[in-house]
Amino acid sequence: MTLRDDLRQAIADARDRAIADGVLVIPDGTTLPSIGLERPAKPEHGDWASNVAMQLAPVARAAPMRIAEAIAAAFGSQPSVLAVSVAPPGFLNIRLDPSWVAGQVGAIRDAGPSYGRGTAANPRRINVEFVSANPTGPLHVGNARGAFVGDVLSRVLTAVGHEVGREYYFNDFGTQVVNLGLSVLARRSGTDIPEDGYRGAYVDDLAAAAPDDVLARADASPDDAGRLVGAWATERVRAGIEDSLDRLGVRFDVWKEESTLHDEGWVGRAVDRLRASDHVYEADGATWFRSTAFGDDKDRVIFRSNGLPTYFASDIGYVTEKLSRGFDELIYIWGADHHGTVARVRNAAEAMGHDRAAVRMLLIAWVRFVRDGEEIPMSKRSGEFITLDEVLDEVGVDAARWFFSSRAFTTGIDFDLELAKKQSNENPVYYVQYAHARASSILRNAADVGLGPQAADTGKLLDHPAEQELVRHLLDFPDALAIAAERRETHEVPRYAYELASAFSAFYRDCKVLTEDRPLSEARLALVDATRSVLANGLDLLGISAPETM
RNA sequence: GCGCCGGUAGCUCAGUGGAUAGAGCGUCGGCCUCCGGAGCCGAAGGUCGCAGGUUCGAAUCCUGUCCGGCGCGCCA
């Protein structure tokens, strides 16, 4: 339960009391509207504001102001609440008790890294599959967005109390592997790269590095040469991908190979299951899934007329394989170009008897890479693309993490390499890190003169507006985290972290921490330490370092 | 043509039915005898693509329309 949850419950109780007392009349059988609760922008509107009375007005057939007054009158005594007032056209404004607010510093500080965590009402087991870039070339910056979103989302979901499995799906199956092998062989022999082949400097590197025994085996069986060399090449590419992810600070619990879905019979069993419920049929020599039965535009092929499975076949097997591991929810983080496949996979899950809502795809919008106003093509096949390492060399991991996780993943973004380089020194991420370093510095200076944090009397001592404002921001952290988790979004976290850093700067400006007044200094040091701790928590959710000095 | 996602300050983006629409960057003007100036204060800058509709109230919901991206395969 976060502070916001507590207040919402208190409002609901007051509303129900008003109904029970007959002050508020709701016709039987009407469902009560949800209670909106937000932090108003204007201080004169209190610390929290609710529109509950205005929402209730139509069903209660009464003036919003009168309803608000009835709820305010019925509002039970809360240790955190100083006053509940009413403002036109019917807002319920809640003012927190300043001494209660300041008194929370000790608890926040004591909670440390666990502050704000574990608030999920019903913890679930959630599988997050992300990146899953094909092993046909190194990661490029287009993959970085999904990597950071998946990583931060996993951290956020874990933080609120879910059990998260991070997973990378490795497509080691099918014609793309052969095409990579043939491209490498073409490079070696100086012949033209096949039309569906891969270009780019990394293919040259692979050609140069191909070991003799692999090439000998390819020579020995020309029909199988592409597959043999491709198998070697994808392994090598995969090692490079793992190194890149390592550098990004992104780790996975499970690397799932597409081939195992076939080898272990997951695909076959899934198709049998669909067939048993008449969701599969044969036509034109192919095997089809009746996706139209669930609203899709057309039915989808599972096995082609040549007997080979489609990518969709693996998807079907994969859903059941994941769910068999006990996950309550599957989150797929896909590029926006995959949105066409969302419906069919969810349809298949439903057809197999799974809960459709438990299979969720988050489509990450495209990143357009631009240098000097000119777009840089990102296709592996075209050969020209920017590797992750190049970007990280130029802008740094922390700045890149901040850049990608601070934007809604539904928004397409332009990434100008020159601009990113130029702005990397002015990136807001440094502002947040700077606040953490500054807080650390104050604590060090305090220790030098024999002062330390003392939170016992903060409720009485911290009544300055800047102190109050800062603690209120600290109190917002659990809600910011909970909202991010609930919405499966990341950008709430950097937004919050920036505002906290900003509130800390204002406090630093207005309130000198190390003074002649020992009790006040120690209380302020407790506030500084609590702030430092919450800043570190926020940065940790983003996978960004919290430096003690810069 | 159909579908999905976008269109908010010069630029990059927040704002998932509420009070005078916000932030960063950029621009302009101030602030260093003081715990970290990677900082602080202030200013300029908006027909929320457009047009209807729903609502006490719309950037937000609905319909239409324009613009941009992506998709619409027995490829992955």
Side-chain angles (χ1 to χ4, degrees), chain A residues 33 36 38 40-42 44-45 49-51 54-55 57-58 63-64 87-91 93 134 136 171 173-177 179 196 258 283-288 296-298 300-312 314-315 335-343 363-366 368 402-403 406-416 419-420 422-423 425-435 437-446 448-449 451 483 487 489 491-492 494-495 498-499 501-502 505-506 508-515 521 524-525 528 549-550:
Chain A
E38 61 172 14
K42 301 264 156 214
E44 59 267 31
H45 295 144
S50 177
N51 63 357
M54 291 176 282
Q55 296 290 345
F91 285 104
N93 291 333
N134 289 345
T136 51
N171 302 126
F173 196 81
T175 51
Q176 54 175 353
V177 174
N179 288 337
D196 292 331
E258 184 182 6
D284 304 326
T287 305
W288 299 72
D296 202 350
D297 294 343
K298 50 188 86 165
R300 305 293 174 177
V301 172
I302 301 172
F303 291 105
R304 298 184 256 169
S305 51
N306 64 6
L308 293 176
T310 61
Y311 190 78
F312 177 52
S314 305
D315 282 338
D337 54 336
H338 282 66
H339 78 81
T341 65
V342 170
L363 300 173
I364 309 300
W366 223 231
R368 234 173 121 252
W402 184 277
F403 182 86
S406 53
R407 283 145 176 86
F409 59 74
T410 46
T411 303
I413 43 184
D414 279 4
F415 192 102
D416 188 311
L419 215 57
K422 212 182 85 201
Q423 289 184 351
N425 292 327
E426 294 134 29
N427 195 297
V429 69
Y430 298 115
Y431 181 79
V432 178
Q433 289 182 317
Y434 182 73
R438 180 186 258 168
S440 303
S441 168
I442 293 172
L443 291 161
R444 281 193 303 271
N445 294 341
D448 288 346
V449 297
L451 283 172
I483 288 169
R487 297 183 185 168
E489 270 282 11
H491 65 273
E492 187 73 14
R495 192 197 60 75
Y498 189 88
E499 285 187 3
S502 180
S505 291
Y508 174 82
R509 180 190 70 231
D510 294 340
C511 301
K512 188 153 169 59
V513 177
L514 305 178
T515 67
S521 297
R524 285 182 172 170
L525 281 169
V528 170
T549 59
M550 291 176 73

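Quick note on labels: first sequence line is chain A, next is B, and so on, each numbered from 1. Heavy atoms only: backbone and side chains are in, while hydrogens, waters and symmetry mates are out.
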Verify the distance criterion only: is there a donor paired with an acceptor across the side chains of [X] and [Y] at less than 3.5 Å?
X         : Y         : answer
Glu258(A) : Ser314(A) : yes
Gln176(A) : Asn171(A) : no
Ser505(A) : Tyr434(A) : no

Counting just side-chain N and O atoms, does Arg495(A) come under 4.0 Å of either OP1 or OP2 of G22(B)? no
Strictly below 4.0 Å: does Arg407(A) bring a side-chain N or O up to OP1 or OP2 of G24(B)? no
Distance check, [atom1] atoms only: [N] and [M], in whole angstrom units.
N      : M      : atom1 : value
C61(B) : G17(B) : C1'   : 8 Å
U27(B) : G69(B) : C1'   : 31 Å
G71(B) : G53(B) : P     : 37 Å
G68(B) : U54(B) : C1'   : 29 Å
G46(B) : A9(B)  : C1'   : 6 Å
A44(B) : G24(B) : P     : 15 Å
G57(B) : A19(B) : C1'   : 10 Å
G49(B) : A59(B) : P     : 10 Å

Polar pairs (N or O, both sides) under 3.5 Å between protein and nucleotides 54-61 of chain B?
none

Encode nucleotides 31-40 of chain B as B, S and - characters from 5' to 3', where the letter depends on protein heavy atoms closer than 4.0 Å: B to the base, S only to sugar-phosphate, - to neither. ---SBBSBSS
Between [X] ([atom1]) and [N] ([atom2]), how many Å, whole number?
X         : N      : atom1 : atom2 : result
Asp297(A) : C72(B) : CG    : C1'   : 7 Å
Arg368(A) : C11(B) : CZ    : C1'   : 14 Å
Trp288(A) : G73(B) : CH2   : P     : 10 Å
His338(A) : G69(B) : NE2   : C1'   : 16 Å
Asn306(A) : G73(B) : CG    : P     : 18 Å
Asp284(A) : G73(B) : CG    : P     : 15 Å
Arg300(A) : C72(B) : CZ    : P     : 9 Å
Lys298(A) : C75(B) : NZ    : P     : 13 Å

For [N], the Watson-Crick or wobble counterpart (both distances under 3.5 Å):
N      : result
C48(B) : none
C61(B) : G53(B)
C4(B)  : G69(B)
G10(B) : C25(B)
C40(B) : G30(B)

Starting from the 5' end of RNA chain B, give me the residue, Ala41(A) or Glu492(A), whose nearest nucleotide shows up first. Glu492(A)
Is there aromatic stacking of Phe91(A) on G18(B) here, judged by a ring-centre distance under 5.5 Å and a plane angle under 30°? no
Which heavy-atom pair separates Tyr430(A) from Met550(A) by the least distance, and what is that distance?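 Closest approach of Tyr430(A) to Met550(A): O-CE, 4.0 Å.
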Which atom pair, heavy atoms only, marks the closest approach of Val432(A) to Ala501(A)?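 The pair with the smallest heavy-atom distance is CA-CB, 4.0 Å.
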Under 4.0 angstrom, heavy atoms only, what part of the nucleic acid is [X] near: base, sugar-phosphate, or nothing?
X         : result
Asn93(A)  : base
Ile302(A) : nothing
Ala408(A) : sugar-phosphate

Does the ring of Phe403(A) carry Arg407(A) above it, NZ/CZ under 6.0 angstrom from centre and within 45° of its axis?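 Ring-cation test returns yes.
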Assess whether one donor atom and one acceptor atom, taken from the side chain of Asp337(A) and the base of A76(B), lie less than 3.5 Å apart.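 It does not, because no donor-acceptor pair links the side chain of Asp337(A) to the base of A76(B) below 3.5 Å.
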So which protein N/O to nucleotides 4-7 of chain B N/O distances come out below 3.5 Å?
| unit_1 | atom_1 | unit_2 | atom_2 | d |
| --- | --- | --- | --- | --- |
| C5(B) | O2' | Thr410(A) | O | 2.8 |

